[in-house]
Number of protein chains: 2
Amino acid sequence: MTQPGGLDAAELGGFFALMEVSSLLQHAVEQQLRSAGGLTNIQFKVLMSLLEAPEGQLRMTDLADSLVVSRSGLTYQAGLLEKAGLITRTPSPDDERSTTLGLTAAGRERIAAVLPGHVDVVRRLLLDPLTRDDLGALTALLSRVRDHMREAPPRSAAPRARRKAEQ
Amino acid sequence: MTQPGGLDAAELGGFFALMEVSSLLQHAVEQQLRSAGGLTNIQFKVLMSLLEAPEGQLRMTDLADSLVVSRSGLTYQAGLLEKAGLITRTPSPDDERSTTLGLTAAGRERIAAVLPGHVDVVRRLLLDPLTRDDLGALTALLSRVRDHMREAPPRSAAPRARRKAEQ
DNA sequence: TATTGTTATACTCTATAACTATA
DNA sequence: TATAGTTATAGAGTATAACAATA
């Protein structure tokens with residue numbers, strides 16, 4: 001114990017730097033998505049998830065889990081995206097209970113319209129001040145942290161699917 | 001241009017690693033603040049800002065600017081914190097228009113109650129997998145990025161105080 | 001019975017604009 | 001007139017619980 005709450009200056013510095021950088025970056029990204037394509041961050045993630053999905057399709061529950069939102073929350077967002085003509089919702093062929101989401105042509109176009117600016121923001125804010133080696137070092141460090149976080153879940157970050165079992 | 005949106009694999013990797021690490025960390029921190037002290041992230045920041053303020057006091061507008069929220073938003077949060085007995089709101093002595101916020105004893109106790117767990121989360125998730133040298137390297141890299149971000153504002157991140165002049 | 005998704009509902013947070021009171 | 005803060009209000013987003021349909 002050497003500082004306000006048990007973190008020394010170096011530790012606090014690292015923590016604050018990480019939080020400030022990510023906060024500024026996220027802010028900028030959200031602003032760009034909104035102004036360039038009228039999308040929120042989550043909506044963009046839904047579209048990108050569909051774009052990167054094996055068949056270009058995803059089930060609601062799977063997507064909700066991977067984006068860490070409630071299913072009802074995703075239903076709400078999917079409703080907006082469907083109304084905007086960017087995605088389709090159709091009953092899954094193999095399991096009639098499921099809804100399969102798919103990208104429309106308009107959805108692809110919207111991504112294409114937004115992505116360049118998105119990339120610009122990331123490059124300008126995050127990548128520009130880093131050399132190639134810097135980027136490699138940063139990624140290596142953060143990857144290590146990420147792997148560690150995944151191994152030791154944040155205590156309480158109970159996976160959605162296990163809710164039932166906890167009772 | 002080599003990948004989906006003009007970012008190559010290394011660049012994408014760095015970007016995603018940063019966003020995922022910060023997102024997981026922020027999630028965990030918010031969850032801890034809520035369960036340990038019934039505080040949201042912003043409320044915690046308000047309390048911490050007051051704790052670290054020179055006289056233990058801050059004006060509404062200054063705090064709103066530094067936390068990047070609207071003044072009405074801060075009024076709302078300050079109202080909650082005052083109702084909870086954690087802060088006081090008093091007219092500033094030098095300028096009767098201003099409201100000065102101050103921490104109550106209960107506010108200090110709340111911080112004390114929450115801070116250890118807060119630190120735990122940061123240490124467990126972020127710091128544990130890093131050596132001392134790693135932390136130094138990470139901080140150095142992120143600090144460089146942060147400084148760069150501050151110099152070249154996110155295009156649009158117009159400082160609150162200048163709103164008037166833009167019209 | 002369990003699971004998928006939707007709906008009904010309630011709540012939190014946020015911001016804009018109008019307002020007051022000081023300067 | 002300009003500024004500090006509050007209030008009224010409205011909107012976006014989220015989640016919980018109840019529900020309908022299917023497995």
Side-chain angles (χ1 to χ4, degrees), chain A residues 26-27 30-31 33-34 38-46 57-84 87-102 156-167, chain B residues 26-27 30-31 33-34 38-46 57-84 87-102 158-167:
Chain A
Q26 182 145 13
H27 236 254
E30 277 176 3
Q31 144 71 21
L33 291 174
R34 182 153 15 246
L39 296 174
T40 63
N41 207 19
I42 301 160
Q43 289 162 2
F44 180 66
K45 282 183 183 167
V46 169
Q57 299 193 328
L58 287 172
R59 294 189 332 142
M60 287 289 287
T61 296
D62 295 339
L63 188 52
D65 284 349
S66 94
L67 297 183
V68 192
V69 291
S70 67
R71 279 173 301 173
S72 70
L74 180 57
T75 294
Y76 172 77
Q77 293 295 344
L80 294 179
L81 289 171
E82 187 185 39
K83 203 182 321 179
I87 67 170
T88 57
R89 277 195 285 192
T90 55
S92 305
D94 52 313
D95 185 340
E96 293 264 320
R97 292 173 304 181
S98 294
T99 296
T100 294
L101 304 186
S156 77
R160 221 148 267 274
R162 233 194 281 157
R163 248 183 319 175
K164 190 64 187 317
E166 288 163 9
Q167 293 170 354
Chain B
Q26 183 146 14
H27 236 255
E30 278 176 1
Q31 144 69 24
L33 290 176
R34 183 155 13 248
L39 297 174
T40 63
N41 207 16
I42 302 160
Q43 289 162 0
F44 180 66
K45 281 184 183 166
V46 169
Q57 300 195 330
L58 288 171
R59 292 190 333 143
M60 287 291 288
T61 296
D62 295 338
L63 188 52
D65 284 350
S66 93
L67 297 185
V68 192
V69 291
S70 67
R71 277 172 302 172
S72 69
L74 181 57
T75 295
Y76 172 76
Q77 294 294 345
L80 293 180
L81 289 171
E82 187 184 38
K83 202 182 320 178
I87 67 170
T88 57
R89 280 196 285 193
T90 54
S92 304
D94 51 313
D95 185 340
E96 292 265 319
R97 292 173 305 180
S98 295
T99 297
T100 294
L101 303 186
R160 220 147 269 274
R162 235 195 278 159
R163 249 182 320 176
K164 189 64 185 319
E166 287 161 11
Q167 293 169 357

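Throughout, protein chains are lettered first and strands after them, A, B, ... in sequence-line order, and every chain is numbered starting at 1.
- Between B/Leu67 atom CG and C/dC13 atom C1' there is a gap of 15 Å when expressed in whole angstrom units.
- Across all strands, B/Leu74 comes closer than 4.0 Å to no nucleic acid atom at all (heavy-atom distances).
- Separating the CZ atom of A/Arg59 from the P atom of D/dT22 is a distance of 16 Å, rounded to the nearest angstrom.
- In this structure, CG on A/Leu63 lies 12.5 Å from CD on A/Gln57, to the nearest 0.5 angstrom.
- Among the protein residues, A/Thr40 comes within range of the sugar-phosphate backbone only, with heavy atoms under 4.0 Å from sugar or phosphate atoms but none that close to a base.
- Closest heavy-atom contact between B/Leu33 and B/Thr40: CD1-O, 4.3 Å.
- Protein atom CG of A/Leu101 is 8 Å distant from nucleotide atom P of C/dG5, rounded to whole Å.
- Nucleotide C/dA21 holds its C1' atom 15 Å from the CE atom of B/Met60, rounded to whole Å.
- Near DNA chain C, meaning a heavy atom under 4.0 Å away, the residues from residues 75-83 of chain A are A/Thr75.
- Atom pair B/Glu30:CD and D/dT14:C1' shows a separation of 13 Å (rounding to whole Å applied).
- A straight line from CG of A/Asp94 to P of C/dT4 spans 12 Å, rounded to a whole angstrom.
- Counting all heavy atoms, side chain and backbone alike, B/Leu39 lies closest to B/Gln43 at CA-OE1, 3.5 Å.
- When heavy atoms are screened at a 4.0 angstrom cut-off, A/Ser72 is found touching base atoms of the nucleic acid.
- Using a 4.5 Å heavy-atom threshold, the side chains of A/Ile87 and A/Gln77 count as separate.
- Counting to the nearest Å, the C1' atom of C/dT12 and the CG atom of B/Leu39 are 15 Å from each other.
- In this model, the phosphate group of D/dA4 is not approached by any side-chain N or O of B/Ser98 to a distance below 4.0 Å at OP1 or OP2.
- Minimum interatomic distance between B/Arg59 and B/Ser92 (heavy atoms only, all atoms of both residues): CG-OG, 4.4 Å.
- Across the protein-nucleic acid pair, B/Arg71 atom CZ and C/dC13 atom C1' stand 18 Å apart, rounded to whole Å.
- Counting all heavy atoms, side chain and backbone alike, A/Leu74 lies closest to A/Met60 at CD2-O, 3.2 Å.
- For C/dG5, neither phosphate oxygen OP1 nor OP2 lies less than 4.0 angstrom from any side-chain nitrogen or oxygen of A/Arg89.
- When all heavy atoms of B/Ala64 and B/Arg71 are compared, the pair lying nearest together is CB-CG, 4.1 Å.
- For B/Arg97, taking side-chain heavy atoms from C-beta onward, the closest of the listed nucleotides D/dT22, D/dG5, D/dT3 is D/dT3.
- Backbone-only contact: B/Thr99 has heavy atoms under 4.0 Å from sugar-phosphate atoms and none from a base.
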